[in-house]
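So the structure is just underneath, and the comments pick up after that.
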Amino acid sequence: MQSARQLFDAMDQRNVVSWSIMVYSYSSTGRIVEAQELFDEMPERNVVSWTTMIDGYLRKGMWKEALSMFSRMRRLTVMINSTTLTVLCDLHANGGNKRWGIQVHALALVVGFESDPILRNALIVLYSRNGMTSHASKRTFNLDGLINNLFLKMPERDLVSWTTMILGFSNVGYMRDAIWLLENMPDRDVIAWTTVISGFVQNGEFEHAFLWFIRMLREGLQPNEVTFSCLISASSGLALFSQGVQVHACALKNNIQSDYLVSNLLISMYSKCGSIADAYKIFRSTNSHDLESWNSMIYGFAQHGHGNNSLKLFKTMQAVGKEPNHVTFLCLLTACAHAGLICEGWHYFYLMWSSYGIKPGPDHYACMVDLLGRAGLLEEAFTLISQMPFEPHAAVWGALLGASRTHANIRLAKAAAHHLLRLEPQSATAYVVLSKMYSMSGRKRDEKKLRMIKRLKDIKKKPGYSWIVVNSEVHLFLAGGRSHSELSRISSLLRNISLMMGELAV
């Protein structure tokens, strides 16, 4: 980069192309400040220069600055091209603003670039990511009664177009449509298959993810890093250790484990499946660690109540010069909460701001309330909530409610339930917890009144569930459910066990 700048400075004559190339060199490497300074010095700018700067801000995630740059461009009546509009589609697809996204589409229609295949794909991505799949596939945008169609009327649909539509339907949970698209694609590559597998994982249909992975293998396709990442996430979701081990073995066979994303997910998967030793083995076997690796391992220890190990690992992380982020401190506070490390929790709560300039967010406060509540310091937890610099969210009041139930503090439980119901009126948790507390304290009238309100508002608690694996088959059990095929045998066995326990107690 330094050599390029020296060459640029030594040029006798610089035209708009050389200036634009230099601006791109800075913006593409993340040096957006230098790019902006050079852009401001340009004696002449064209559409490429402006688009380069918009794209540079987009790469840095600086959505407002990118939009401001486009506004300046329009005010100066600089003619836009299809690349400018494609970059704007990326801006609004990532920024998540539906209204502005539709305006970009309208502008594409006005200037006559909508037929550009790259721009069409970008528009499909825009609508899909914003949950507007019906726009992307059937009724893209209605301008003066003209119904345009991005996908179904494309003269030529490439792999990107098909895969983007699959992604769009997957994002909104329309997996049947996603599968239809996959099965009707003229050519299916690993990215298209992985998009479907990822869709099932995102929608909590973990078993279907594995079924479609098997179908992909039967088609002779080689899975990639993203495919294995999806399967590891599915194993974590099911908390199936044996399934996770098989996925891990398959990743090793395909020489995939060295990928950061895969190794981080393996750490998370083994932690969730109860094998913290294996998680730590993966962590230690990785040659170098990114921030996500450290966070995953710190949180893994926290999940298993090994708070001191989490804190030791954080000190190691500091020693090697790795800068923590807000997630790191969430993991540390969770570790302190699960291990009852009150002093350490306060230390890290203040450290994040004093040493690293990270302001505690709602989730950090929720962890602190949980930490104090578990230790029985309910008044201190309530005081902390009242001192929050912003409105507490549901997790904060939920933590206080849970702690109040544990320590039988009805006064604070009522206060927490009141605020929780204000934020989540249809939440059954507040009603259930408070009614049980009334029942245990003998306040039957209050319990009855609360249950009646819950019934009148038709608020129902989602049933809890668990599952076990027997002979490679997953058996799901819902609380109060009676649909299992082996219910009679299970009930009979439980009765016999109960009788045997009673006899032994005598």
Side-chain angles (χ1 to χ4, degrees), residues 236 239 267-268 270-274 276 279-280 283 291-292 294-318 324-356 358-409 412-413 415-417 419-420 423-424 427 429-430 433 437 464:
S236 297
I267 292 169
S268 178
Y270 279 119
S271 299
K272 287 181 180 178
C273 291
I276 192 66
Y280 190 51
F283 178 80
L291 183 56
E292 183 63 28
W294 291 99
N295 289 346
S296 297
M297 198 63 243
I298 291 170
Y299 186 68
F301 281 132
Q303 282 181 307
H304 289 263
H306 302 319
N308 286 317
N309 286 341
S310 291
L311 305 191
K312 285 178 184 176
L313 194 61
F314 176 66
K315 288 178 181 177
T316 305
M317 176 180 162
Q318 287 178 304
N325 62 3
H326 71 285
V327 177
T328 313
F329 285 100
L330 271 177
C331 297
L332 290 169
L333 293 175
T334 301
C336 293
H338 287 194
L341 304 172
I342 300 167
C343 294
E344 291 84 349
W346 278 118
H347 168 72
Y348 289 113
F349 186 71
Y350 290 120
L351 183 73
M352 62 187 293
W353 170 244
S354 62
S355 296
Y356 296 99
I358 302 170
K359 290 184 178 180
D363 292 334
H364 298 100
Y365 277 94
C367 283
M368 284 303 298
V369 171
D370 184 38
L371 168 62
L372 297 170
R374 286 171 184 253
L377 302 172
L378 299 180
E379 295 296 340
E380 196 171 338
F382 189 72
T383 300
L384 180 64
I385 294 172
S386 64
Q387 293 173 348
M388 286 176 64
F390 37 73
E391 179 75 14
H393 62 13
V396 173
W397 294 114
L400 183 63
L401 179 62
S404 300
R405 177 188 59 186
T406 302
H407 298 282
N409 190 319
L412 286 180
H419 289 287
L420 187 58
L423 294 169
E424 297 180 349
S427 172
T429 304
V433 171
M437 290 183 72

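Only this structure's heavy atoms are used, side chains among them; waters, hydrogens and symmetry mates stay out. By convention here, the first residue in the shown sequence is residue 1.
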Checklist entry - Counting distance only, does the side-chain N/O of Ser355 pair as donor-acceptor with the main-chain N or O of Met352 below 3.5 Å? => result no
Item to check | Point-to-point distance, once rounded to the nearest 0.5 Å, from CD1 of Ile298 to OG of Ser310 | outcome: 6.5 Å
Item to check | Residue pair Asn308, Leu341: steps toward the side-chain contact (heavy atoms from CB on, under 4.5 Å) verdict | outcome: CA-CA 9 Å; Asn308 286 317; Leu341 304 172; 3.9 Å; yes
Checklist entry - Would you say His326 and Lys359 make side-chain contact, with heavy atoms under 4.5 Å? => result no
Checklist entry - Where do Trp353 and Ile358 land on the side-chain contact (heavy atoms from CB on, under 4.5 Å) test, with the steps shown first? => result CA-CA 5 Å; Trp353 170 244; Ile358 302 170; 5.9 Å; no
Checklist entry - Between Trp294 and Phe283, is a ring pair (Phe, Tyr, Trp, His ring centres under 6.0 Å) present by the stated rule, with each step listed? => result CA-CA 8 Å; Trp294 291 99; Phe283 178 80; 5.3 Å; yes
Item to check | Parallel, tilted or perpendicular: ring planes of Phe329 versus Tyr356, cut at 30 and 60 degrees | outcome: tilted
Next on the checklist: Does Tyr299, at its OH atom, have more than 12 non-hydrogen atoms belonging to other residues, nucleotides or ligands within less than 6.0 Å?
Outcome noted: no
Item to check | Candidate pair Tyr280 and Tyr270, rule ring pair (Phe, Tyr, Trp, His ring centres under 6.0 Å), full reasoning | outcome: CA-CA 9 Å; Tyr280 190 51; Tyr270 279 119; over 10 Å; no
Next on the checklist: If I compare all heavy atoms of His407 with all of Gly373, which pair ends up nearest, and what's the gap?
Outcome noted: NE2-O, 3.0 Å
Item to check | Under 3.5 Å donor-acceptor, His364 side chain and Gly361 backbone | outcome: yes
Checklist entry - Quick one: does Pro324's side chain get under 4.5 Å of Met317's, heavy atoms only? => result yes
Item to check | Flag side-chain contact, heavy atom, 4.5 Å: Leu332 against Cys367 | outcome: no
